[in-house]
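Right, one structure below, let's go through it.
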Protein chains: 2
Amino acid sequence: MAVKGDETRARLIEAARTLVEAKGYHGTGLNEVLAVAGAPRGSLYHHFPGGKDQLVSEALAAAGREVDGIVVELAETAPSSRELVKALLAALADRMVAAGYAKGCPVATVALEVAATNDALQPICGDIYAGWQRALADALRADGHDAAEADELAATVLALIEGALVLARAGRSRTPIEQTSRRIAKLLGTD
Amino acid sequence: MAVKGDETRARLIEAARTLVEAKGYHGTGLNEVLAVAGAPRGSLYHHFPGGKDQLVSEALAAAGREVDGIVVELAETAPSSRELVKALLAALADRMVAAGYAKGCPVATVALEVAATNDALQPICGDIYAGWQRALADALRADGHDAAEADELAATVLALIEGALVLARAGRSRTPIEQTSRRIAKLLGTD
DNA sequence: CAGATTATGTAGATCGGTCTAGAGAGGAAC
DNA sequence: GTTCCTCTCTAGACCGATCTACATAATCTG
């Protein structure tokens with residue numbers, strides 16, 4: 001039956017997503033994923049014949065979509081892309097603190113770990129970031145920013161967000177995120 | 001013979017520094033460190049009785065000082081803190097590409113891996129970032145920036161650098177670094 | 001019954017860490 | 001000057017735990 005199998009599969013992805021965000025690719029063992037998901041070993045290799053890399057790939061993709069969802073939700077009330085970015089930073093900071101600094105950017109840790117060593121996972125991380133940057137550039141263009149500059153500006157804003165999350169987790173403090181958030185206003189528009 | 005011991009110790013730190021920057025804390029095995037350093041297992045636990053955590057701690061500290069050195073060197077010719085940051089970004093990009101994207105920020109990967117799980121290493125990562133931020137704030141103040149804003153501005157610039165390195169490694173491209181470098185002018189002063 | 005999924009068990013490698021033995025360079029004693 | 005002692009450091013075997021991956025059997029569903 002498809003239902004039960006899909007549930008197990010979803011639980012495995014969810015567990016992998018959480019653990020990988022907290023401890024990275026190498027820091028997350030399949031035993032721990034299985035324990036958190038409450039699934040037996042056999043199920044893992046049935047649903048993910050590609051092994052750990054396939055599981056982590058799908059977990060990263062799911063995490064990317066989760067952030068997309070947060071953005072979409074925030075976009076409904078944000079009056080401008082500038083306010084959207086500030087709201088996103090606040091939401092990411094809340095999420096990070098609530099998790100005891102076990103959450104930050106769900107892609108960054110793996111991206112750094114595998115950049116030079118895992119040709120299967122590296123492009124996946126790159127694609128997620130590219131998607132975020134594209135969406136950000138679209139929002140900036142829709143907001144009146146110069147079309148030619150939107151791409152560059154989107155990369156800068158994305159870098160600021162990622163960097164702020166790194167500093168915040170390293171120092172176990174949301175201060176860097178708040179500091180960066182205030183400065184982003186100066187970068188995005190003149191009001 | 002104190003000399004020979006110090007050499008072995010230094011080789012172990014150097015090997016750990018390189019491997020940890022490339023693959024992170026969990027991704028770096030002591031066997032590999034020993035192989036690269038050409039040292040036997042006994043030497044490791046003689047010089048680092050605290051085990052892996054002590055070795056990585058000292059490797060991170062050494063990496064932090066290496067970046068300090070790069071900054072000091074660049075500062076001799078940079079006419080302003082803004083130009084210094086741009087030169088630093090270019091140097092980091094060169095270093096990253098030359099290493100086949102095995103180098104980026106030597107602290108970031110570990111900082112993300114251990115933020116919520118290793119109480120011995122987390123404060124060390126935090127301290128290194130705090131030191132960089134302090135130096136940056138001093139440079140900004142010396143450059144005429146408002147003293148009250150210097151701290152916040154330093155955090156933002158540091159976040160921008162860290163984020164640019166994450167995006168660059170994730171996409172195996174120096175483009176994000178170049179894009180953010182061009183945008184730094186808008187963040188740092190008005191010329 | 002057939003096919004999909006779960007449930008274990010286990011293989012083989014590698015992990016971090018510990019232990020003991022020995023190599024080799026000063027310094028002290030005579 | 002030679003012997004011997006001591007202390008630092010190297011060398012490598014070894015331990016239990018854990019890792020990813022696979023194999024096989026039991027179970028469930030349509």
Side-chain angles (χ1 to χ4, degrees), chain A residues 1-20 22-60 109-110 113-114 117-122 124, chain B residues 1-20 22-60 109-110 113-114 117-122 124:
Chain A
M1 60 170 270
V3 172
K4 193 174 175 190
D6 286 355
E7 278 176 11
T8 301
R9 197 186 141 91
R11 277 206 319 279
L12 283 167
I13 289 180
E14 169 63 24
R17 190 162 62 91
T18 303
L19 289 169
V20 164
K23 308 196 290 183
Y25 174 81
H26 291 110
T28 301
L30 294 184
N31 287 329
E32 197 175 0
V33 174
L34 293 169
V36 171
R41 261 181 147 51
S43 299
L44 199 160
Y45 285 92
H46 171 75
H47 291 293
F48 305 93
K52 187 181 186 179
D53 279 7
Q54 184 187 352
L55 173 63
V56 172
S57 290
E58 301 203 21
L60 288 174
T109 315
V110 180
E113 283 180 288
V114 305
T117 55
N118 188 318
D119 291 340
L121 286 176
Q122 177 269 331
I124 290 174
Chain B
M1 47 160 216
V3 173
K4 192 176 174 189
D6 285 355
E7 277 175 12
T8 302
R9 197 186 143 90
R11 277 206 319 277
L12 284 168
I13 289 181
E14 169 62 25
R17 191 162 62 89
T18 303
L19 289 168
V20 164
K23 309 196 289 185
Y25 175 80
H26 291 110
T28 301
L30 294 185
N31 288 328
E32 197 176 359
V33 174
L34 293 170
V36 170
R41 220 166 176 70
S43 298
L44 199 162
Y45 284 91
H46 171 76
H47 291 292
F48 305 93
K52 186 181 188 180
D53 279 8
Q54 184 187 352
L55 173 63
V56 173
S57 291
E58 301 204 22
L60 287 175
T109 316
V110 181
E113 283 180 288
V114 306
T117 55
N118 188 319
D119 291 339
L121 286 175
Q122 177 269 329
I124 289 173

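Convention: sequence-line order gives letters A, B, ...; per-chain numbering from 1.
Residue H46(B) places its side chain closer to dC9(D) than to any other of dC9(D), dG12(D), dA21(D). Side-chain atoms of P40(B) lie closest to dT10(D) of the nucleotides dG16(C), dT6(C), dT10(D). In the set dA4(C), dA11(D), dT20(D), the nucleotide with an atom closest to the side chain of R41(A) is dT20(D). Taking the side chain of H47(B) as heavy atoms from C-beta on, and the options dA7(C), dC9(D), dA13(D), the nearest nucleotide is dC9(D).
Under 4.0 angstrom from either OP1 or OP2 of dA11(D) there lies no side-chain N or O belonging to S43(B). At dT5(C), none of the side-chain N or O atoms of T8(A) fall inside 4.0 Å of OP1 or OP2 (strictly under the cut-off). Of the side-chain N and O atoms in N31(A), one or more sit less than 4.0 angstrom from OP1 or OP2 of dC19(D).
Taking atom CZ of R9(B) as the reference point, atom P of dT10(D) lies 11 Å away to the nearest angstrom. Remark: C1' of dT6(C) and CG of L12(A) are 12 Å apart, rounded to the nearest angstrom. Rounded to an integer number of Å, the gap from CG of L44(B) to C1' of dC9(D) is 13 Å. The CZ atom of F48(A) sits 12 Å away from the P atom of dT5(C) (whole-angstrom rounding). Following rounding to the nearest Å, L30(A) (CG) and dT20(D) (P) show an atom-to-atom distance of 4 Å. Atom P of nucleotide dG16(C) and atom CG of N118(B) are separated by 13 Å, given to the nearest angstrom. In this structure, CD of E32(A) is placed 8 Å from P of dC19(D), rounded to the nearest angstrom. Atom CG of L34(B) and atom P of dG17(C) are 11 Å apart (whole Å).
A heavy-atom distance below 4.5 Å is not found between the side chains of L34(A) and P40(A). V56(B) has its side chain within reach of Y25(B): a pair of non-hydrogen atoms, C-beta onward, lies under 4.5 Å apart.
Comparing Y45(A) and A39(B) by the nucleotide of DNA chain D that holds the closest heavy atom to each, the one mapping nearer the 5' end is A39(B).
With sequence neighbours left out, the side-chain hydrogen bond (donor to acceptor under 3.5 Å, both in side chains) criterion links N31(B) to R41(B).
Of the possible polar contacts, none joining the R17(B) side chain to the A59(B) backbone as a donor-acceptor pair under 3.5 Å is found.
Residue G42(B) is in base contact, counting any heavy-atom pair closer than 4.0 Å across all strands shown.
Atom NE2 of H47(B) sits about 11.0 Å away from atom CD of E58(B), to the nearest 0.5 Å.
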